[in-house]
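One structure below.
Keep in mind it's a predicted model, so treat the numbers as computed, not measured. Because only heavy atoms are used, hydrogens play no part in the values below, and waters and symmetry mates are left out as well, while side chains stay in.
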Amino acid sequence: QVHVLESGGGLVQAGGSLRLSCAASGLIFSDFVMGWYRQAPGKARELVARIGNGGWATYADSVKGRFTISRDNDKNTVYLQMNSLKPEDTAVYYCNAWRGDDYWGQGTQVTVSS
């Protein structure tokens, strides 16, 4: 059974940083594209960043230059380093594992105060 668990969310002031972690189990981690998505109140879930096993990564335009996604295949973990946070980054952040099928975590709240 696949489990995806996020951690590292919290409350931070604008301009601050947070690092999210996502640990996955029950799958061959290196086979999966790992991604971070977010959903703000009243808005649709949106892609933040994705990373493949070869190290390629893509980012939403709104986070380019501020967020960095990385993965550690030995630890079955993907990270999202978020710097220069803005109030508009406030959302529930979800981890996703994809290889045709989708696996989602429960989400972790990130709140950025102005």
request  = Kindly say whether Tyr94 contributes a backbone atom to a donor-acceptor pair with the side chain of Glu6 at under 3.5 angstrom?
outcome  = no
query = Of the non-hydrogen atoms in Ser30 and Asn73, which two are nearest, and what is the gap between them?
reply = CB-ND2, 3.8 Å
inquiry  = Assigning hydrophobic clusters by single linkage (Ile, Leu, Val, Met, Phe, Trp, Tyr; side-chain heavy-atom cutoff under 4.5 Å), is Val112 placed with Val63?
reply    = yes
Under 3.5 Å, sequence neighbours excluded: what are the donor-acceptor pairs made by side chains of residues 8-21?
residue, atom, partner, partner atom, Å
Ser17, OG, Asn83, OD1, 2.9

message = Are Tyr79 and Phe32 linked, directly or through intermediate hydrophobic residues, by side-chain heavy-atom contacts shorter than 4.5 Å (ILVMFWY only)?
response = no
note = Excluding Val33, membership of its hydrophobic cluster (Ile, Leu, Val, Met, Phe, Trp, Tyr; side-chain heavy atoms within less than 4.5 Å) reads Trp56, Trp98
inquiry  = For Glu88, is there any backbone N or O sitting under 3.5 Å from a side-chain donor or acceptor partner on Thr90?
reply    = no
query = By side-chain hydrogen bond (donor to acceptor under 3.5 Å, both in side chains), which residues pair with Asp31, not counting sequence neighbours?
reply = Arg99
ask   = Going by heavy atoms in the side chains, are Val78 and Ile69 under 4.5 Å from each other?
value = yes
ask   = Is it true that Lys64 and Asp61 make a salt bridge, defined as a side-chain N closer than 4.0 Å to a carboxylate O?
value = yes
Minimum heavy-atom distance Ala49-Tyr59, with the two atoms named = CB-CD2, 3.6 Å
query = Is any side-chain heavy atom of Cys22 less than 4.5 Å from a side-chain heavy atom of Val4?
reply = yes
message = Can you confirm if the NZ or CZ of Arg71 lies within 45° of the ring axis of Phe29 and under 6.0 Å from the centre of its six-membered ring?
response = yes
inquiry  = Do Val48 and Tyr103 land in one hydrophobic cluster if side-chain heavy atoms of ILVMFWY residues count as linked below 4.5 Å?
reply    = yes
task = Work out which heavy atom in Met34 is nearest to a heavy atom in Cys95; give both atom names and the distance.
result = CE-SG, 3.8 Å
key: Criterion side-chain contact (heavy atoms from CB on, under 4.5 Å) on Met82 and Leu80, from CA distance to verdict   = CA-CA 6 Å; Met82 306 185 293; Leu80 185 68; 3.8 Å; yes
ask   = Does the side-chain hydrogen bond (donor to acceptor under 3.5 Å, both in side chains) test come out yes or no for Arg38 and Tyr93, once each step is laid out?
value = CA-CA 4 Å; Arg38 67 187 181 186; Tyr93 283 70; 2.9 Å; yes
ask   = Below 4.5 Å, heavy atoms only, C-beta onward: do Trp36 and Ile51 meet side chain to side chain?
value = no
request  = For the pair Arg45 (side chain) and Gln39 (backbone), establish whether a donor and an acceptor sit closer than 3.5 Å, ignoring hydrogens and angles.
outcome  = no
